[in-house]
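Below is one structure, written out as structure tokens, with a few remarks after it.
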Amino acid sequence: AIEMLPPAPPPAGGLVAERDPNTGRWMSQRALEHRAARRYRCAACSNDFCGECNARPYHVGFASCVAAATDAAAPRCRYCDERIRPGTSRLDDYYFGDGDSDNSGGEDGGGGNAGRLLQRGTSGDLTVRELRRCIGRADTSWCCEKSELRSVFRLTSSVCTADECQARLEGACTRTLRPCGHPCGGVRGETTCLPCLRCPQSDQPALPALTSASSSSAALPAADDFCPICYTEEIGAAPAIRLGCGHVIHRQCGVDRIQAGWPGPPISFNHLQCPLCGQSGRPAEERGSMQAAVMAHPSLSSELAPVLLLRENVMRRGRRRLLADGVPPPELQPGGAFEGRPGEFALGKFNYYKCGRCKEPYFGGDRACGPAAGGGGHGDEGGGGGGGNDVGAIGGDRGERASDHELVCGACSVTDSGAGCGKHGLQELQYKCRYCCDVAVWFCFGTTHFCDRCHTTRPDSRPCAPLKRCNPRTCPLKVDHPAHGVEFCLGCSLCRSAGNTGS
């Protein structure tokens, strides 16, 4: 049984003005009349349909079935998947003109004036200059023939005019893959295109390993799989890259992950690794102690360079501290897990922080002394997030300025109570936490040194609470120091370490 859906009772003046539920625009008078006369509902399944063209569900907002069919056949943007309607493409004539195309654009449909001009051998064929002007800033550096410019022209016409989509087009590879004919989903300037993510892997030739240590089990994802970093967009919705380990991510997501930095105050570098496997695809003996298992891809080199330089600086300081400690730990001895890699071992053993003034890393104690406060976690925990010097929210509930709280090295916070080391200078100076027997890593208000724990618990906010007393026999600092509540410079950390080990 079929029944006509009755429209809402019209007022004395006629039909009630309504908005299209799909677009939010006001529906025209003809669209309202067509809906009132042609919209039906099936009594068996309760689905509505058009009584003229049998479209299910009923095409709300269109004045005729022809207009609805034309809109349904309109091409979609390759990035945002929105329909490309008149006024939403830089090349409207290609879709909405009055001619026919050469049908080389796949599902693009109607051609238009530009499509007719692209046919070979016709008078008025677009010149190379005209093609380049229509293409805009999309990549044409690889084009050697006019037919290749035509393929880039067709690809450009499949992207809407939204700023985000145009930016993605500008950074995308514009080649066409063979033999499937799908556009490449990689990034601009790659020497080897990303394999097609729209075709089943069984239909593609065997992929060569990126390196001798690439993971052969890293299967290529489908174009409609989510990016393993953002988990909000499909991989095919933005230019993607294939890392050295074989996994595929959005290139911009990889850049954002690197630029976000480590998740807490202690410096860590696991946000540079592949989010799925944590590897780079290179053998360990090729990485060396000065390299990292990072998201390896040529397009990420400029973003990785400053972070790897910081990592090298931290590892150099860590190796120097290991030498000052005396006997190497079992992990560095022959057969140990970090044999020949003291720098990587130091990254997991010591806490280092980035000074908010000189931007240099400085020592902040052993990781085994306790977890980093403030939700930062240990440096061996992965993930990106706020940078190590992001202190904008610190002290917000106490009426204190963010600038009052800084991660400051000993050299930048040296006062009259401390002097530089004649052997190592000011770089290795350390201060005692004002309220406990721990090494200070925060320098706040220009007067007070805090360790991570006290910087979170803030003993200074409880002036009536008595301060704990230090037991010289169990003091982890192993130096004579005044009672808690006053500033005290511990001196050079390397000289202290050498003295404690008898070196």
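By convention here, the first residue in the shown sequence is residue 1.
- Within 6.0 Å of atom CG in Asn54, more than 12 heavy atoms from other residues, nucleotides or ligands are found, so the atom counts as buried in its surroundings.
- No side-chain donor-acceptor contact under 3.5 Å links Gln166 and Asp163.
- Annotation: side chain of Glu52 is in contact with side chain of His34 (closest heavy-atom distance under 4.5 Å).
- Here the CZ-CG distance, from Arg257 to Leu272, works out to 8.5 Å after rounding to the nearest 0.5 Å.
- When all heavy atoms are compared, the tightest approach of Asn351 to Pro266 is OD1-CB, 3.5 Å.
- A 4.5 Å side-chain heavy-atom check between Tyr353 and Asp452 finds at least one atom pair inside the cut-off.
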- For Arg78 and Val159, run side-chain contact (heavy atoms from CB on, under 4.5 Å): C-alpha distance rounded to whole Å, both residues' side-chain angles, the deciding distance at 0.1 Å, then the answer. CA-CA 6 Å; Arg78 66 174 293 197; Val159 179; 3.8 Å; yes
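- By the neighbour-count criterion of 12 heavy atoms within 6.0 Å, atom CZ of Arg76 is densely surrounded, having more than that number from other residues, nucleotides or ligands.
- With respect to the salt-bridge test (charged N to carboxylate O, under 4.0 angstrom), the residues Arg39 and Asp48 qualify.
- Taking 4.5 Å as the limit, every side-chain heavy atom of Pro239 sits out of range of all side-chain heavy atoms of His250.
- Contact record, Thr156 with Ala138: OG1-CB, 4.1 Å, taken as the closest heavy-atom pair.
- Here CG of Leu347 is found 9.0 Å from OH of Tyr352. Values are rounded to the nearest 0.5 Å.
- Annotation: salt bridge (charged side-chain N to carboxylate O under 4.0 Å, His left out) contacts of Glu303 (sequence neighbours excluded): Arg251.
- Between Leu194 and Arg242, the closest side-chain pair of non-hydrogen atoms falls below 4.5 Å.
- Taking OH from Tyr58 and SG from Cys53, the interatomic distance works out to 8.5 Å, rounded to the nearest 0.5 Å.
- The minimum heavy-atom distance linking Phe153 with Cys134 is given by the pair CE1-CB, 3.5 Å.
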- side-chain contact (heavy atoms from CB on, under 4.5 Å) between Asp139 and Cys173, worked out: CA-CA 7 Å; Asp139 183 22; Cys173 177; 5.9 Å; no
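- In terms of heavy-atom proximity, Val187 sits nearest to Ile241 at CG1-CG2, 3.6 Å.
- In the model, Arg41 has no side-chain atom that pairs as donor or acceptor with a side-chain atom of Ser46 under 3.5 Å.
- In this structure Glu339 satisfies the salt bridge (charged side-chain N to carboxylate O under 4.0 Å, His left out) test with no other residue, sequence neighbours excluded.
- Residues passing the side-chain hydrogen bond (donor to acceptor under 3.5 Å, both in side chains) test with Glu190 are His297, sequence neighbours excluded.
- Taking 4.5 Å as the limit, every side-chain heavy atom of Leu308 sits out of range of all side-chain heavy atoms of Phe269.
- Within the structure, side chain to side chain donor-acceptor pair (under 3.5 Å) contacts touching residues 167-189 (residues at least two apart or in different chains) are Trp142-Thr174, Glu164-Arg168, Arg168-Glu233.
- Counting only distance, with no hydrogens or angles, the side chain of Gln259 and the backbone of Asp256 share no donor-acceptor pair below 3.5 Å.
- At least one side-chain heavy atom of Pro361 sits under 4.5 Å from a side-chain heavy atom of Ile267.
- Between the side chain of Asp225 and the backbone N or O of Ala222 there is at least one donor-acceptor pair closer than 3.5 Å.
- Rounded to the nearest 0.5 angstrom, Ser268 OG and Trp262 CH2 are separated by 8.0 Å.
- A heavy-atom distance below 4.5 Å is not found between the side chains of Glu312 and Met315.
- Between the OG atom of Ser151 and the CD1 atom of Ile135 there is a distance of 8.0 Å, given to the nearest 0.5 Å.
- For Glu360, the salt bridge (charged side-chain N to carboxylate O under 4.0 Å, His left out) partners are Arg317, not counting sequence neighbours.
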- Item | Audit row: Leu131, Thr127, side-chain contact (heavy atoms from CB on, under 4.5 Å) steps and yes/no | CA-CA 6 Å; Leu131 281 173; Thr127 65; over 6 Å; no
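- Looking only at side-chain heavy atoms (C-beta outward), Ser158 and Pro75 stay at 4.5 Å or farther from each other.
- Qualifying side-chain contact (heavy atoms from CB on, under 4.5 Å) partners for Arg30, counting only residues two or more places apart in sequence or in other chains: Ser28, Ala63.
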- Under the side-chain contact (heavy atoms from CB on, under 4.5 Å) rule, what do Thr232 and Phe226 come out as? Steps first, then yes or no, please. CA-CA 7 Å; Thr232 57; Phe226 286 108; 5.9 Å; no
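- Using a 30° and 60° split on the angle between ring planes, Phe350 and Phe363 fall in the perpendicular class, above 60°.
- Considering every non-hydrogen atom in both Tyr362 and Lys354, the closest pair reads CE2-C, 4.1 Å.
- Of the possible polar contacts, one joining the Arg341 side chain to the Ala337 backbone as a donor-acceptor pair under 3.5 Å is found.
- Atoms CD1 and CG, from Ile235 and Leu197 in turn, are 6.5 Å apart once rounded to the nearest 0.5 Å.
- A pairwise comparison of heavy atoms in Cys65 and His59 identifies SG-NE2, 3.6 Å as the closest pair.
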